[in-house]
Amino acid sequence: SMPAWNWLPPRGTEPGRAPTMAAMSAALPAVLTIDGPSGSGKGTISRAVAEQLGWHFLDSGALYRAVGLAASWSDLDLTDGDAVARIAETTEVRFVDRPGDDPQVYVNGVEASAELRTETCGATASAIAAIPAVRAALVEKQRSFRRPPGLVADGRDMGTVIFADAPYKVFLTASAEERAERRYKQLKQKGMDVTLAALLREILARDARDAQRPVAPLKPAPDAVLIDTSGTPIETVVARVLALVRTHPAPVRA
Ligand code: DC
C-alpha cells in the first residue's frame with residue numbers, strides 16, 4: 001500500500017494554507033492557451049475555436065508585432081532594450097472585430113492590420129520579443145483579456161508563463177516544410193511577392209530564435225496537449241480542440 005510519506009492533500013486545499021494560484025484560478029474565467037511555432041495553424045485554429053466557444057480572443061503575437069512596428073516608426077535602435085521596453089509600455093493596441101474576417105488592429109490609433117502581417121514585421125517582433133523588459137511590459141496587458149465567459153489565448157508562452165494556471169492548454173506543431181507551404185499560400189493569396197525557399201529559411205530562423213531565447217522560450221507547457229497538424233485539415237484540429245474543452249466543462253484544478 002501507499003507509504004504515508006507519499007500522501008499529500010490536493011494542492012490548494014491544505015487547511016490553514018493560502019490557496020495556490022491554481023485553486024484561485026477556479027474563480028477566474030476559463031482560459032484555453034494555444035501555443036506553437038509560426039505557421040502551425042495557430043491563428044486560424046484559435047480564432048475558429050474562440051468563435052465557436054463564444055469566448056474572447058487574444059492574439060499575443062499581434063502585440064509583439066505592434067511594439068516592433070511602433071519601434072520602427074520611431075526610428076529606434078532595436079537592440080536598445082530600455083528604449084524598446086518604453087515603447088512596449090506606451091504603445092496602444094486596439095483590436096476591432098470584423099465579422100468573417102481577421103480583426104482590424106490599430107497601433108497608436110493607426111490602422112496597421114496589413115503591415116502587421118508582413119514577414120518583416122514578424123521578424124522584428126521575434127527580435128524585440130527576446131528582450132525581457134519588453135515581455136514584462138506586456139504581461140498585464142495580456143492578462144487583462146481574461147474576461148467572462150472565457151479566453152482563447154494564442155502565442156508562444158501563453159501556457160508556460162502568461163496563463164500558466166490555465167485549465168486548458170494546447171501546443172500545436174507541424175513540420176517546417178508544411179508551415180512554410182501554408183505561409184506561402186496565405187501570402188500569395190494576399191498578393192505578396194514571396195518564395196517558398198525564403199519563407200522556409202525565415203521560419204527556421206524564427207523558430208530557432210523563439211526556442212532558444214532565455215526568457216519565455218517557445219516550448220510546450222508540461223500539461224499541454226500536443227497536436228501535430230501536419231497533413232491534418234484545419235476543421236479536424238478545431239474539432240479536436242473543441243472536444244478537449246467541451247468534454248471537461250468544469251475543470252477542477254487540484
Ligand atoms: O504569432 P506571431 O507570428 O504573430 O508572433 C510574432 C513574434 O512575436 C514571434 O516570432 C515571437 C513573438 N511572440 C512571443 O515572443 N510571444 C508570444 N506570446 C507571441 C509572439
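When a ligand or atom number is given, it counts from 1 through the structure's own listing order. Throughout, residue positions are numbered sequentially from 1 according to the sequence presented.
- A salt bridge links R146 with D165: at least one charged nitrogen is closer than 4.0 Å to a carboxylate oxygen.
- Taking a cut-off of under 4.0 Å to the non-hydrogen atoms of R156, the atoms of ligand 1 that pass are 1 (O), 2 (P), 3 (O), 5 (O), 9 (C), 10 (O), 13 (N), 14 (C), 16 (N), 17 (C), 18 (N), 19 (C), 20 (C).
- In this structure, R94 contributes its side chain and V107 its backbone to no donor-acceptor pair below 3.5 Å.
- For a threshold of 3.5 Å applied to N or O pairs, the pair formed by D154 and ligand 1 contains no separation below that value.
- Where the criterion is an N or O separation shorter than 3.5 Å, residue side chain and backbone included, Y64 fails it with respect to ligand 1.
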Intermediate values then yes/no, side chain to side chain donor-acceptor pair (under 3.5 Å), T44 and R182: CA-CA 11 Å; T44 314; R182 286 184 194 155; over 6 Å; no
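- Of all protein heavy atoms, the one lying nearest to atom 20 (C) of ligand 1 is G61 CA, 3.5 Å.
- In summary, the atoms of ligand 1 found under 4.0 Å from a heavy atom of R206, numbered by their order in the structure, are 3 (O), 6 (C), 7 (C), 9 (C), 10 (O).
- The atoms of ligand 1 that sit less than 4.0 Å from any heavy atom of A125 are 6 (C), 7 (C), 8 (O).
- Note on ring orientation: taking the six-membered ring where Trp is involved, the planes of F95 and F145 are perpendicular (angle over 60°, cut-offs 30° and 60°).
- I162 is connected to L63 through a chain of hydrophobic side-chain contacts under 4.5 Å among Ile, Leu, Val, Met, Phe, Trp and Tyr, so both are in one cluster.
- When only non-hydrogen protein atoms are considered, atom 16 (N) of ligand 1 lies nearest to R135 NH2, 3.0 Å.
- Salt-bridge formation is not detected for the pair K219/D157: no Lys NZ or Arg NE/NH1/NH2 atom is positioned less than 4.0 Å from an Asp or Glu carboxylate oxygen.
- Under 4.0 Å is where a charged nitrogen must lie from a carboxylate oxygen, and between R183 and E202 no such pair does.
- Each of the atoms 2 (P), 3 (O), 4 (O), 6 (C) of ligand 1 lies under 4.0 Å from some heavy atom of R65.
- Residue contacts with ligand 1: R209 is excluded, as none of its non-hydrogen atoms falls under 4.0 Å.
- Close approach of ligand 1 to K42 is summarised as follows: ligand atoms under 4.0 Å from at least one heavy atom of the residue are 1 (O).
- At least one N or O atom of D210 sits closer than 3.5 Å to an N or O atom of ligand 1.
- Against a heavy-atom cut-off of under 4.0 Å, A129 is close to the following atoms of ligand 1: 12 (C), 15 (O).
- When only interatomic distances are considered, the shortest N/O to N/O separation between S60 and ligand 1 falls below 3.5 Å.
- The closest side-chain donor-acceptor pair between Y64 and R156, if any, does not fall under 3.5 angstrom.
- Those atoms of ligand 1 that come under 4.0 Å of a heavy atom in M158, given as number and element, are 18 (N).
- Note: Q186 CD to E181 CD = 12.5 Å, rounded to the nearest 0.5 Å.
- By the 3.5 Å distance cut-off applied to N or O atoms, D59 is not counted among the residues near ligand 1.
- A salt bridge links D59 to R47: one of the charged nitrogens lies within less than 4.0 Å of a carboxylate oxygen.
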